[in-house]
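Structure record follows, encoded as structure tokens.
Proteins come first, then strands; the chains are lettered A, B, ... in the order of their sequence lines, and each starts at number 1.
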Amino acid sequence: EPEVTQTPSHQVTQMGQEVILRCVPISNHLYFYWYRQILGQKVEFLVSFYNNEISEKSEIFDDQFSVERPDGSNFTLKIRSTKLEDSAMYFCASSDRAGGSPLHFGNGTRLTVT
Amino acid sequence: AQSVTQLGSHVSVSEGALVLLRCNYSSSVPPYLFWYVQYPNQGLQLLLKYTTGATLVKGINGFEAEFKKSETSFHLTKPSAHMSDAAEYFCAVSARHSGGGADGLTFGKGTHLIIQP
């Protein structure tokens, strides 16, 4: 069964550094998402992406965050200047259509900001 | 705006007993409803979903959930718990609206299911 893959599985960075989290969605999917889960807390929506532009974003997704689909396969989340509170598990997801189609999640990237 | 409430951050049941995980939602229109499961160090896996039609939906691993509009609930059940069911369970909703674009999911805080031998 096709999977969403995320790399790296664990990223450690220093405060103020830029990080790029990478995702390869399922190949025929058109809708892409990033979520994060701070340790012990719920999964929070960050951003959704369709047709090469952001569809929806949450309050968490401020100017420090950006997303990009640089080619036909990758979907990246960039955090420009990391803060301690950005430490979390980041999940990428994709779906083949909107309107109730289930999201397929990757196994996540654990970001640790020191 | 929509929201999801999962009652009980931890639920403990004996192996073989009924599993009941509660989920209530708040939405201006009937939403799409989902249950996801998260095993340790893994991503979220879809258990089941309700979009339209029959209100009792069956999912993987013997789980099912019933959409009750009058109660704004979508509780997850399984008749007989197995040790392998121990995991974190998340209820989620997404908006039902027309037009294109990607619909984000709103998740509940999750319920940690513990299975006692």
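Identified under the salt bridge (Lys or Arg N to Asp or Glu O under 4.0 Å) test for residues 63-74 of chain A, with sequence neighbours left out: none. The disulfide bond (SG atoms under 2.5 Å apart) analysis of residues 25-96 of chain A, with sequence neighbours excluded, yields the pairs A:C23-A:C92.
Looking at B:Q38, only its side chain comes within 4.5 Å of chain A, counting heavy atoms on both sides. For B:L44, the parts lying near chain A are the backbone and the side chain together; criterion is any non-hydrogen pair under 4.5 Å. At a 4.5 Å heavy-atom cutoff, the contact between A:Q37 and chain B is made by side-chain atoms alone. For B:K49, the part sitting under 4.5 Å from any heavy atom of chain A is the side chain, from C-beta outward, and nothing else.
With hydrogens and angles ignored, the 3.5 Å screen pairs no side-chain donor or acceptor of A:T112 with any backbone N or O of A:V12.
Taking the ring centroids of B:Y36 and B:F90, they lie at or beyond the 6.0 Å cut-off.
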